[in-house]
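As structure tokens, the structure follows; a few thoughts come after it.
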Amino acid sequence: MRRAFVEASTQQGSVLLRPPPPTPVMPPAENPVTVPPSPSQPDSAPPSDGSDLIAARREKLRKHRAELGIEPYGQRVDGLMSLAAARALHSETASAEFEAAEAKRKADPTQVTIDGRPKAKVAGRLVQHRDIGKLVFIRLRDASGDLQVTLSKGNMPSEGEFTLAKQLDYGDIVVAEGPIGRTKTGEICVWASRLEMHSKSVAPPPEKWHGLTDPEIRYRKRYVDMYSNPEVIRTFEARSRIVSGIRRYMETQGYLEVETPMMQPIAGGAAARPFTTHHNALDMTLFMRIAPELYLKRLLVGGMSKVFEINRNFRNEGVDRSHNPEFTAMEAYQAFGDYMTMLELVEGLVYALACQQWRDRSAAGLEVGGSETAPVIPFGSMRIDYRKPFERVRYAELFERACGFPMADMAKVRAKAREIHVKDEAKLDDWLVVNEVFEEVAEPLLNPERPTFVLDYPSAISPLTRPSRSNPVLCDRWDLFIGGMEVGPAYSELNDPDIQRAKFTEQLRGADDEESTFRTLDHDFLESLEVGMPPAGGMGLGVDRLVMLLTDSPSIRDVILFPLLKNTEA
RNA sequence: GAUUGCGUAGCUCAGUCUGGUAGAGCAGCGGUCUUUUAAACCGCGGGUCCCGGGUUCAAAUCCCGGCGCAAUCACCA
């Protein structure tokens, strides 16, 4: 680190603070991106929206060019270290020795101070600016954290560079270098000997103490949200680690990652409304995919034995705290597995991610409970316990526990449905009533603070799923619930082409007018089953929801960088 | 799609119930200050009160319609 700084500090090519005019500096040949400031460059344009704040910043921009000879939009800088790394370089001993020597020199000016403090060159966005006359304190922020830079008029190489320090605005991106020391009050800081402007922020900043809190502006202007609220970057770093953790785990289990079409001629694999698009050259209507399932199964037909895909699905449905029109899911299929194979896979995966997240949160000083091998992670007011094994409960058992009678007792089921005011109870088929009662009465019995697999759903409410060999009323399907949210399902997949065709056809018959505009029989998929697909287990996992749970984020918008919002204009 | 709440300076918020000259802090501009920690002090500027209509002598405030956001519900995962 130290060496990097020394090397970098000898390369003066990146210094932006040039001598004042009339030195006409041409762009260096090796860096054609740089444009020299010229009178023709309209500093006051584009026209501001009338805000004094913007005008004041643009005026500074003009002055920097005209009076200080600075080009405020910089270029490549070598030898930078993160603010956290610079802070870590601070040496109590070196600072104490330096301060003692300075005190001596004050008493006796013939004394010479040797500065043994480590040096650093850092960059960051300015988030605080305190001008105390001949001393300016600024606080810089980068992805690693904050660090104060102290600029003393006596330490700066030129009047202009100190003038720049005094004129800095909240939001500017600057580079500073100098020894790492501390102030009288003990604050670790860079005592700057150099200061360069690398990006003048001309937009009005958020409030420096409260920051940006309006959720709408936070989502619309995520780039402001990210620097104003540092925990946003932490959340997305965690998301990245979780997604790569999923990849690592799946690869360790021998799964191959694949990418299947996101634009599909037929939107299959789930019961959701698709988005429509159009290919001009082929004059073809296409659907954004609602699920990758039918393509992944084709891969099993083709001979791949363990595949997974992590990617976006698009569903033309409502938006709320746990739904965004585009969302990230993982689906995985294993030849010759079944839904219990998938249960073990998902349990191991979610547990491993929770352990990883427990360690990350501990290291960052965030709240955790339990232990590294029995992690407890907060989610709002809940404390979710990811200890293995997860809970397992059969659908029928949970139903009976909730209602006091078996789900096959249709007379009682219908009575219960009327009691809890299931709408259109009389029009619904028996098993749909069972499921309404289940969702209303039985699901609330699940402990939201324990991941729980609900196993063996009724076949009648899972029309595309393979009935169980031992009891065809039920099917080989589970759903995983965590924190009151459904995180994903799994199935023993249907591989009999005739039954699959019959179920698809039946589903199409039940489609209403709107559904029938986008729901058609996927003949190619059925042909692939006729070629022969091995029996398989398959699962889906809502990645955004899992990230919500593991990062204690109450809304899916907090874990999607740019969530969909309505247009504000027209 | 339904219901409820919210929308005032660049930002964070008072003011709306009970109609009567548009407010504060931060940010900005001009000063003072070499150890600040939401720095402090003196002075100054800053508004389509979300949009449109109505009631009224008078509307940020009351009424109607619209837009956006949030929460809950529906659809869905």
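Throughout, a chain's letter reflects where its sequence line sits, starting with A, and its residues are numbered from 1.
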Leu432(A) atom CG is separated from C75(B) atom P, nearest whole Å, by 12 Å
Between C29(B) (P) and Lys166(A) (NZ): distance, integer Å = 13 Å
After noting the C-alpha distance and the side-chain angles of Arg105(A) and Glu102(A), does the key distance pass the salt bridge (Lys or Arg N to Asp or Glu O under 4.0 Å) rule?
-> CA-CA 5 Å; Arg105(A) 195 174 60 84; Glu102(A) 278 289 271; 2.9 Å; yes
Electrostatic pair Glu97(A):Arg117(A) at N-O distance under 4.0 angstrom = no
Atom-to-atom span, CD of Glu436(A) to C1' of C75(B) - whole angstrom = 12 Å
Give Thr213(A) one of three labels, base, sugar-phosphate or nothing, depending on what nucleic acid heavy atoms sit under 4.0 Å from its own.
-> sugar-phosphate
Is Gln148(A) touching bases, backbone alone, or none of the nucleic acid, heavy atoms closer than 4.0 Å?
-> base
Gln148(A) CD to Leu140(A) CG distance, which is reported to the nearest 0.5 Å = 9.5 Å
May I ask you to say what Ala271(A) touches in the nucleic acid, namely base, sugar-phosphate or nothing, with a heavy-atom cut-off under 4.0 Å?
-> sugar-phosphate
Rounded distance in Å - CZ (Arg321(A)) to C1' (C73(B)) = 12 Å
Looking across every strand, which nucleic acid part, if any, lies under 4.0 Å from Asp131(A) by heavy atom: base, sugar-phosphate, or nothing?
-> base
Are side-chain N/O atoms of Tyr219(A) and Asp214(A) paired as donor and acceptor at under 3.5 Å?
-> no
Which whole-number value in Å describes the distance from Ile132(A) CD1 to U34(B) C1'?
-> 9 Å
May I ask you to say what Asp214(A) touches in the nucleic acid, namely base, sugar-phosphate or nothing, with a heavy-atom cut-off under 4.0 Å?
-> sugar-phosphate
Which base, if any, makes a Watson-Crick or G-U wobble pair with U55(B), both distances under 3.5 Å?
-> none
Kindly compute the distance separating CD1 (Ile173(A)) from CZ (Arg141(A)), expressed to the nearest 0.5 Å.
-> 13.0 Å
If pairing requires Watson-Crick or G-U wobble contacts with both distances under 3.5 Å, which nucleotide is the partner of G47(B)?
-> none
Salt-bridged, Arg273(A) to Glu317(A), with N to O below 4.0 Å?
-> yes
For Arg57(A), answer base if it contacts any base atom (sugar-phosphate contacts may also be present), sugar-phosphate if it contacts only those atoms, and nothing otherwise; contact means non-hydrogen atoms under 4.0 Å.
-> nothing
For A70(B), which nucleotide is its Watson-Crick or G-U wobble mate, given both distances must be under 3.5 Å?
-> U4(B)
What's the CG-C1' distance between Asp146(A) and U36(B), to the nearest Å?
-> 15 Å
For Arg557(A), answer base if it contacts any base atom (sugar-phosphate contacts may also be present), sugar-phosphate if it contacts only those atoms, and nothing otherwise; contact means non-hydrogen atoms under 4.0 Å.
-> sugar-phosphate
Ordered by number, residues from residues 324-332 of chain A within less than 4.0 Å of RNA chain B (heavy atoms) are Asn324(A), Phe327(A)
Assign Gly211(A) to base, sugar-phosphate, or nothing according to its heavy-atom contacts below 4.0 angstrom with the strands shown.
-> sugar-phosphate
Could you tell me which nucleotide pairs with A24(B) by Watson-Crick or G-U wobble geometry, both distances under 3.5 Å, or answer none if nothing does?
-> U12(B)
Quick one: label Lys60(A) by what it contacts on the DNA or RNA (base, sugar-phosphate, nothing), any heavy atom closer than 4.0 Å.
-> sugar-phosphate
If you measure from the Lys or Arg side-chain nitrogens to the Asp or Glu carboxylate oxygens, is any gap between Glu506(A) and Arg509(A) under 4.0 Å?
-> no
Is the shortest side-chain N to carboxylate O distance from Asp146(A) to Arg87(A) below 4.0 Å?
-> no
Check every strand shown and say whether Gly542(A) touches a base, only sugar-phosphate, or nothing at a heavy-atom separation below 4.0 Å.
-> nothing
Tell me what Glu187(A) touches on the nucleic acid: a base, only sugar-phosphate, or nothing, going by heavy atoms under 4.0 Å.
-> base
Rounded to whole Å, the CH2-C1' distance (Trp209(A) to G25(B)) equals 13 Å
